[in-house]
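Inspection log for the structure reproduced underneath, given as structure tokens.
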Amino acid sequence: MEGIDWAAAAKGTTARKPGVRPGLGARVRSCPPMKTRFAPSPSGHLHVGGARTALFNFAYARRLEGSFLLRIEDTDQKRSSDAASIGFLKDLAWLGIRWDEGPEFADGHVHCGGGKAGPYFQSERLEVYADELNRLVREGKAYHAFDTPDELEAKRQAARAEGRSYRYDRAGLMLSPDTVQRYLDEGRPSVVRFKAPEGPVTIADEVLGSATLPAGEVDDFVIRKADGYPTYHFAVVVDDELMGVTHVLRAQEHFNNTAKHILLQDALGYRRPVYAHLAIICNPDGSKMSKRDKDRILRAAVKERGLEAPPHGTMDDAVFEAWVADKNVQLDLEHAMRLADALDVQLPEINVDDFRRSGYLPEVLVNFLALNGWSPGGDREKFDLAFICREFDLPRVIKTPARFDRTKLLAFNLDALQAMPREAFVDRVRAHGDEFHPFFMEHLSEAQFELLAAASHERSKTLDDMFRTNRWVLTPDEKLAWEDTKPVRKALTGGGPTGLDQLRALQPILADLADWTVPELERVITEFAQAHAGGQLGRIAQPLRIAVSGGTVSPAIFDTLAILGKKSTLRRIERCLEWAAASAGLAG
RNA sequence: GGCCCCGUCGUCUAGCCUGGUCUAGGACACCUCCCUUUCACGGAGGUAACACGGGUUCGAAUCCCGUCGGGGUCACCA
């Protein structure tokens, strides 16, 4: 931990209007406990933007000693709602974000969820919404409408063609009660619309300040769909009230929706939570970071190469064709990764799980996410979850959209990795390998693994680096192939005694070495370099490295040889010499 | 297009509310040099921003107005 200016840090930690809860009145005697929530729609993966929203809600609840609720907004029947749809819960848990109330989740020592205000899946709360909705209809604050989607679409088109913005024309309100009843009895498809009161609406926002939407901006929006499900606007308002949510921190794309929610709250006689809208997270090019970005990049690569069939072994023709034909189709992760491999393109990390797979530490991601959209002030930018929970406040939330800088995240990850004790690093790499590189782990002895991991520590930017850059350990001695590149040629054929000469001279010395350990290798090879290369270890190390790894990059040479073992080292040198002899221009 | 929000180095930001201490600080990236057994790491230094134009003021990155630019939103998606 670096030095912290605690006095300065403490200055900005008070919310602008602590405890102010408009419309509270007599319903509650004392201030109810503060409660935040994260309410995503079901998904197998947590998007980084969502992760940040969840993080801020969680941290804010901790900071104000309130509680944090998780709710699943699954009111869209078109979106799947099976078990995989809440796969993102594990992503939240991985980041260390725990919810006090909501869907139950258990993993090892971690247990989240439960609570008395459930169920926490909106699809299981239909009766609750029906009650509140009927109340609104009874009071004349909402009404049935029978317009078909096509009719509405036509009206929207017409409005657009005339250059004016579309507002629902209240056709449903013109119907007589008898007609409405008759239509209903006939079973005509209908929705329920909220009768939006006239007049401007003022949104109080703790981050953006308050803004007033002119009268007529909010039209009679749908609150119950034809399938009987509530729309997002209705469900969110009802649930926030019933579940006792006092503070709503959500993405800025909801800012304008807040007007709808306020109107609904007034009509229903609800309390109004404190709102704070968070700027969205963007790609480096400024576009909104989206889960479709991966497909976009793959499509571009496919188009650039003029591919008409999927590369061998990536996916079925049918899957490929469907994906190419419709820009809205998303490849599943497995297919996307294989295609990216085949096309040699790098997929951007978008979901929390992508970052995990890439070898980022959860504590680093949390730190970085918090930094994109919030700042503790001053020069402080390295901190942990506990710090965020202690310091997070609304006045310091940034209003402007931030571009997600993966390079800086990588630098942070490197710093965290380097700051780790050796043992901790090896353990983390092992866990990462067990999960994402089982083949690699199976083919290495425990001793080899520990040597490799330790040797890779100081050059690792992610937990994944070691596995990606050391394929040579997995290659059987008889299968190793050498790159015929400029640096390889230079190391092997350049110099007075050439690299290949040195290798030949080294063979018997290494063959005679009884104690194949890092110190012994270092002693023998350094001595050799002293005697035959004027002490320039590089003249010996590089040819050796190439001989045993096939390329110019590997851990420190003594570590490299120790990991490989005596037998493999000697065999590889032998084969490298054979390869060189057989290659034109390489015979040293 | 209507409405709403935003605008400090390439990027993330500190400073802005409570004008002077800002010839604008930090971090990542970039450039140069050093270290070096490859790749990295590390060390030293450097380039680089208050979008623009008007006010207000003795004085503005900080307050006001306008312009331009960016984003969000206008669904029986959330």
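In what follows, chains are A, B, ... by sequence order, proteins preceding strands, each numbered from 1. All values below were derived from every heavy atom in this structure, side-chain atoms included, with hydrogens, water molecules and symmetry-related copies excluded.
When heavy atoms are screened at a 4.0 angstrom cut-off, A/Arg545 is found touching base atoms of the nucleic acid. Within the nucleic acid shown, A/Asp147 comes within 4.0 Å of at least one base atom, counting heavy atoms only. Looking at heavy-atom distances under 4.0 Å, A/Leu371 makes contact with sugar-phosphate atoms alone, never a base.
Base-pair partner of B/rG2: B/rU73 (Watson-Crick or G-U wobble, both distances under 3.5 Å). B/rC17: no Watson-Crick or G-U partner with both key distances under 3.5 Å is found in any strand. Across every strand in view, B/rC30 sits in a pair with B/rG46 that passes the Watson-Crick or G-U test at under 3.5 angstrom. Nucleotide B/rC39 forms a pair with no other nucleotide shown, judged by Watson-Crick or G-U wobble geometry with both contacts under 3.5 Å. Pairing for B/rU62 is absent, with no Watson-Crick or G-U wobble pair whose two atom distances lie under 3.5 Å.
Atom-to-atom, CG of A/Asp415 to C1' of B/rA40 comes out at 13 Å; the value is rounded to the nearest Å. Distance CZ (A/Arg250) to P (B/rA78): 13 Å, rounded to an integer number of Å. The nearest whole Å value for the distance from the CG atom in A/Asp379 to the P atom in B/rU8 is 18 Å.
Between A/Asp465 and A/Arg459 no salt bridge is recorded (no basic side-chain N to carboxylate O distance below 4.0 Å).
Looking at heavy atoms from C-beta onward, A/His254 lies out of side-chain contact with A/Tyr275 at the 4.5 angstrom threshold.
Note on ring orientation: taking the six-membered ring where Trp is involved, the planes of A/Trp374 and A/Phe383 are perpendicular (angle over 60°, cut-offs 30° and 60°).
Here the side chain of A/Phe255 is nearest to one of B/rU13, B/rU37, B/rC4, namely B/rC4. Comparing atom distances between the A/Thr400 side chain and each of B/rU37, B/rU13, B/rC4 picks out B/rU13 as nearest. For A/Arg403, counting side-chain heavy atoms from C-beta on, the closest listed nucleotide (B/rC5, B/rG42, B/rU11) is B/rU11. When distances are taken from the side chain of A/Lys408 to each of B/rC28, B/rA40, B/rC3, the shortest belongs to B/rC28. Side-chain proximity of A/Thr75 to the nucleotides B/rG42, B/rC77, B/rA78 is greatest for B/rA78. With distances taken from any side-chain atom of A/Leu414 to the nucleotides B/rC41, B/rC74, B/rU38, the minimum falls on B/rC41.
Between A/Tyr229 and A/Tyr129, the distance separating the two ring centers is not shorter than 6.0 angstrom.
Here A/Arg71 does not reach the OP1 or OP2 of B/rA78: none of its side-chain N or O atoms lies under 4.0 Å away.
At a cut-off of 3.5 Å, with distance as the only test, a side-chain donor of A/Thr212 or A/Thr202 sits close to an acceptor on the other residue.
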